[in-house]
Protein chains: 2
Amino acid sequence: MSEALNTLTKNQQTVLDILESAKEPLKAYAILFDTQKKGIKAPLQVYRALDKLIEIGKVHKIESKNSYIACKHKSCDAGTSTSFLICEMCDLVTELKKNVSSYFSKQSAEVNFSYSKHNLEIYGICSNCKRNN
Amino acid sequence: MSEALNTLTKNQQTVLDILESAKEPLKAYAILFDTQKKGIKAPLQVYRALDKLIEIGKVHKIESKNSYIACKHKSCDAGTSTSFLICEMCDLVTELKKNVSSYFSKQSAEVNFSYSKHNLEIYGICSNCKRNN
DNA sequence: AACGTAATGTTATAATATAACATATTTTAA
DNA sequence: TTAAAATATGTTATATTATAACATTACGTT
């Protein structure tokens, strides 16, 4: 009876809650700071929770920012491929919904490379900032 | 007479030499270790050289690996957009030559986001490793 | 030559992440 | 239902990656 599939532990839930209520990606030590009132005391507790959340696809890491963001999609179960739009003005990060994996798979195949997953970080100006500037 | 355009300083050249002769991306402290015989003594000297080399497009950073790689292209002057194929078996990293910026620009425009630059890291299996396994 | 800019050298420290180990909790399966 | 296995926790210490601050030096421009 593996109902453990979707069951998060206390620390994992605590970290996920913080990320889901955050408007921007958070850094690990910012998460630590925010969760200290909830019993998390050491960096490792945060990193371990993040590792698990990333593994099950609930959280993604923005590599170029060393930051973490909760996934808003229904099923990023794989916890693998990610595509982000990052606003250079307001730091807003949104996940690109459109599936671009097949495109990358084709591009890779052209040079005889077997695509497995990807991380894409697109920088630019979001619609909000365009309007206000 | 601004011939300084392509003139690298001693530290910059030292760091670039190491990266160009490396077969894989190198981490900053690995570069430091390798360049100590050439007079570079502190991390900051490496990071400053890297910053400049990245700025002028001679070097790229692989964000998901905290590693640096010399650019093999003629003109990555911009030092902005990068696309890599990273082998999960042998860690070989190659730059995707085909220009994918226009594709991203279109994808971004669909959600009213002004594309400026990107970083793409594709993981998979390189042709060599496919053949040998 | 004198000024402004960029690069250097050096020490210290900040920010990000993992190792190691003891303990506790949960899951699985005999 | 309980013992073994697997997973998560708590804690301290430390490794890894990167920047701050400041004094000095080299270099291009006028």
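Letters A, B, ... are given to chains in the order of the sequence lines, protein chains preceding strands, and every chain is numbered from 1. Just so it is clear, the values below take in all heavy atoms, side chains as well, and ignore hydrogens, waters and symmetry mates.
Here C:dG9 presents its C1' atom at 14 Å from CD of B:Q36, a figure rounded to the nearest Å. Here the P atom of nucleotide D:dA18 and the CG atom of B:L32 are 13 Å apart, to the nearest Å. Residue A:I31 contributes atom CD1, which lies 11 Å from atom P of C:dT16 at whole-angstrom precision. Counting to the nearest Å, the C1' atom of C:dT16 and the CD1 atom of A:I62 are 16 Å from each other. Rounded to whole Å, the distance from CZ on A:F33 to C1' on C:dT16 is 18 Å. For B:K65 and C:dA17, the NZ to P distance is 15 Å, given to the nearest whole Å. The CD atom of A:E63 sits 16 Å away from the C1' atom of D:dA18 (whole-angstrom rounding).
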Anything under 3.5 Å between a donor and an acceptor, one on a side chain of residues 47-54 of chain B, the other on a protein residue two or more places apart or in another chain? List them.
none

When every nucleotide of nucleotides 4-15 of chain D is labelled 5' to 3' by its protein contacts under 4.0 Å (heavy atoms), B for base, S for sugar-phosphate only, - for none, what sequence of letters results? ----SBBBB---
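When the side chain to side chain contact (heavy atoms under 4.5 Å, CB included) test is applied to B:I18, the partners found at least two apart in sequence or on another chain are B:L26, B:D34, B:T35. For A:S114, the side chain to side chain contact (heavy atoms under 4.5 Å, CB included) test picks out B:I125, B:K130, with sequence neighbours left out. Partners of A:K65 under the side chain to side chain donor-acceptor pair (under 3.5 Å) rule, at least two apart in sequence or in another chain, are A:D91. In this view, B:F113 satisfies the ring pair (Phe, Tyr, Trp, His ring centres under 6.0 Å) rule with no residue, not counting sequence neighbours. A:Y68 meets the ring pair (Phe, Tyr, Trp, His ring centres under 6.0 Å) test with no other residue; sequence neighbours excluded. Residues that satisfy the side chain to side chain donor-acceptor pair (under 3.5 Å) test with A:E121, not counting sequence neighbours, are A:S64, A:N119. For B:Y29, there are no ring pair (Phe, Tyr, Trp, His ring centres under 6.0 Å) partners at least two apart in sequence or on another chain. Applying the ring pair (Phe, Tyr, Trp, His ring centres under 6.0 Å) criterion to B:F33, with sequence neighbours excluded, gives no partner residue.
Remark: B:Y68 is not in phosphate contact with D:dT17, judged by side-chain N or O atoms under 4.0 Å from OP1 or OP2. Residue B:N66 places at least one side-chain N or O closer than 4.0 Å to OP1 or OP2 of D:dA18.
Side-chain atoms of B:F84 and B:I69, non-hydrogen and from C-beta on, do get closer than 4.5 Å to each other.
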Given A:N11 and A:I40, is the side-chain contact (heavy atoms from CB on, under 4.5 Å) satisfied, shown in steps? CA-CA 7 Å; A:N11 286 356; A:I40 289 185; 3.8 Å; yes
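Non-hydrogen atoms lying under 4.0 Å from DNA chain C are contributed by A:K27, all within residues 13-28 of chain A.
Taking five base pairs at each end of the helix from C:dA1-D:dT30 to C:dA30-D:dT1, the local helix axes there meet at an angle of 40°, rounded to 10°.
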